[in-house]
Novice: 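Attaching a single structure in structure tokens format; questions to follow.
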Amino acid sequence: MEWGASHRPYVAGKELRILAEMGLHHDLQALVLNRRLLDQSEPLVDSQYIEGVQSRIDMQAPTEIRWLAVYPKLTSAEMGSLDARFGAVSSVKPWLLQWLSGPLTPALLTTGAQLPQDDPFVLAIGRGRLTLRLRMPEPNLEAIGRWLQLFQLAAQEAKRVAGDW
């Protein structure tokens, strides 16, 4: 867990980062992000990466934002109750659906409700690692505790789903 200067351009100022090596398959990429960040990033990704029938990848964009151009996005129906506040993409869509089908969804809704809608939030799996990022101008132990609890649940659910796969 780290708090400090943001490592991503979509998080202004300081951020809370929680990371864990999960031992998940390195080809699995999954991303859950708040609706505001999704709505801001999608047009940028589309304009940068899709030019007629040609595609290009801008390596300056954060990895998880590039995933928006590469992987299928969950539909509103697939997102269910999360759709109003979040979006999600994955390299293995059935894996992502299973990850969100358990207690992670209500936890995201509860904890996410305490996040200002303009503040970016990312929960990502890539290269076998689970990462949570969000804007946090000042460290707040109560808020950190809530986000850590969500992260631990996301890790537990990722291991559960990985076992099924």
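Note that the structure is a prediction, hence the values are computed from the model and not measured. Hydrogens, waters and symmetry mates are skipped; everything else that's a heavy atom, side chains included, is used.
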Novice: Going by salt bridge (charged side-chain N to carboxylate O under 4.0 Å, His left out), name the pairs with one or both residues in residues 97-126, residues two or more places apart or in two chains.
Specialist: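 Non-adjacent pairs meeting salt bridge (charged side-chain N to carboxylate O under 4.0 Å, His left out): Arg36-Asp118, Asp119-Arg135.
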Novice: Using 0.5 Å steps for rounding, measure from the CD atom of Gln152 to the CG atom of Leu130.
Specialist: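 Those atoms lie 11.0 Å apart.
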Novice: I need the minimum non-hydrogen distance between Met136 and Leu16, along with the two atoms involved.
Specialist: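 Taking every non-hydrogen atom into account, CE-CD2, 4.0 Å.
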Novice: Strictly by ring-ring contact (aromatic ring centres under 6.0 Å, His included), give each pair with a member in residues 115-149 just once, sequence neighbours left out.
Specialist: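 Counting only pairs at least two positions apart or across chains, the ring-ring contact (aromatic ring centres under 6.0 Å, His included) contacts touching residues 115-149 are Phe86-Phe121, Phe121-Trp147.
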Novice: Could you list the residues that satisfy side-chain hydrogen bond (donor to acceptor under 3.5 Å, both in side chains) with Glu15, not counting sequence neighbours?
Specialist: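 Per chain and number, Glu15 pairs via side-chain hydrogen bond (donor to acceptor under 3.5 Å, both in side chains) with Arg17, Arg133.
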Novice: Which heavy-atom pair separates Leu37 from Pro120 by the least distance, and what is that distance?
Specialist: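 Result for this residue pair: CD2-CB, 4.0 Å.
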Novice: Restricting to pairs with a member in residues 93-115, which pass salt bridge (charged side-chain N to carboxylate O under 4.0 Å, His left out), not counting sequence neighbours?
Specialist: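 Every salt bridge (charged side-chain N to carboxylate O under 4.0 Å, His left out) pair that includes a residue of residues 93-115, provided the two are not neighbours, is Glu78-Lys93.
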Novice: Take Ile18 and Leu148 through the side-chain contact (heavy atoms from CB on, under 4.5 Å) test and state the conclusion after the steps.
Specialist: CA-CA 8 Å; Ile18 307 174; Leu148 181 58; 4.3 Å; yes
Novice: Gln149: what forms a side-chain hydrogen bond (donor to acceptor under 3.5 Å, both in side chains) with it, not counting sequence neighbours?
Specialist: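 Expected list: none.
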Novice: Atom CZ in Arg35, atom CD in Gln117: separation rounded to 0.5 Å?
Specialist: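 Between Arg35 CZ and Gln117 CD, I get 11.0 Å after rounding to 0.5 Å.
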Novice: To the nearest 0.5 Å, tell me how far Glu64 CD sits from Thr131 OG1.
Specialist: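 With rounding to 0.5 Å, CD (Glu64) is 8.0 Å from OG1 (Thr131).
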Novice: Would you indicate whether Arg8, at its atom CZ, is surrounded by more than 12 heavy atoms from other residues, nucleotides or ligands within a distance under 6.0 Å?
Specialist: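 Yes.
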Novice: With sequence neighbours excluded, tell me which residues meet side chain to side chain contact (heavy atoms under 4.5 Å, CB included) with Glu142.
Specialist: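 Scan of Glu142 (side chain to side chain contact (heavy atoms under 4.5 Å, CB included), adjacent residues dropped) gives Asn140, Arg146.
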Novice: Give, for atom CG of Leu123 and atom CG of Leu150, the distance between the pair rounded to the nearest 0.5 Å.
Specialist: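 Going from CG on Leu123 over to CG on Leu150, the span is 6.5 Å.
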Novice: Using the rule that Ile, Leu, Val, Met, Phe, Trp and Tyr join whenever any side-chain heavy atoms are under 4.5 Å apart, tell me whether Leu19 and Ile144 fall into a single cluster.
Specialist: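 Result: no, two separate clusters.
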Novice: Could you go through residues 102-111 and list every donor-acceptor pair under 3.5 Å that involves a side-chain atom there, pairing it with any protein atom two or more places apart or in another chain?
Specialist:
residue: Thr105; atom: OG1; partner: Leu100; partner atom: O; Å: 2.5
residue: Thr110; atom: OG1; partner: Pro106; partner atom: O; Å: 2.9
residue: Thr111; atom: OG1; partner: Ala107; partner atom: O; Å: 3.1

Novice: Starting at CG of Leu38, measure out to CZ of Arg85 and round the result to the nearest 0.5 Å.
Specialist: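 Rounded to the nearest 0.5 Å, the CG-CZ separation comes out at 13.5 Å.
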Novice: Heavy atoms only: give me the nearest Trp67-Ala30 pair and the separation to one decimal.
Specialist: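 That closest heavy-atom pairing would be CZ3-O, 3.4 Å.
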Novice: Please enumerate all residues that pass side chain to side chain contact (heavy atoms under 4.5 Å, CB included) together with Ala158, with sequence neighbours excluded.
Specialist: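 Only Met22, Leu24, Trp95, Trp99, Ile125 meet the side chain to side chain contact (heavy atoms under 4.5 Å, CB included) criterion with Ala158.
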Novice: How about Ser90 and Tyr71: do any of their side-chain heavy atoms sit closer than 4.5 Å?
Specialist: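 No - every pair of side-chain heavy atoms lies 4.5 Å or more apart.
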Novice: Once rounded to the nearest 0.5 Å, what's the spacing between atom CG of Leu33 and atom CD of Gln40?
Specialist: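 Nearest 0.5 Å value for the CG-CD distance: 10.0 Å.
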Novice: Residues two or more places apart in sequence or in another chain: which of them pass side-chain hydrogen bond (donor to acceptor under 3.5 Å, both in side chains) with Ser101?
Specialist: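 Counting only residues at least two positions away or on another chain, Ser101 forms no side-chain hydrogen bond (donor to acceptor under 3.5 Å, both in side chains).
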Novice: Can you list the residues that meet the side-chain hydrogen bond (donor to acceptor under 3.5 Å, both in side chains) rule with Glu21, with sequence neighbours excluded?
Specialist: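 For Glu21 the side-chain hydrogen bond (donor to acceptor under 3.5 Å, both in side chains) partners, ignoring immediate neighbours, are Arg129.
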Novice: Might you point out which heavy atoms bring Pro137 and Trp3 nearest each other, and give the distance in Å?
Specialist: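 Looks like O-CZ2, 3.2 Å.
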Novice: Val89 and side chain to side chain contact (heavy atoms under 4.5 Å, CB included): which single residue from Leu68, Leu96, Leu74 fits?
Specialist: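 Of all the options given, the one that passes is Leu68.
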Novice: Quick one: are Thr75 and Met79 in side-chain contact, heavy atoms under 4.5 Å?
Specialist: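 Not touching, per the 4.5 Å side-chain cut-off.
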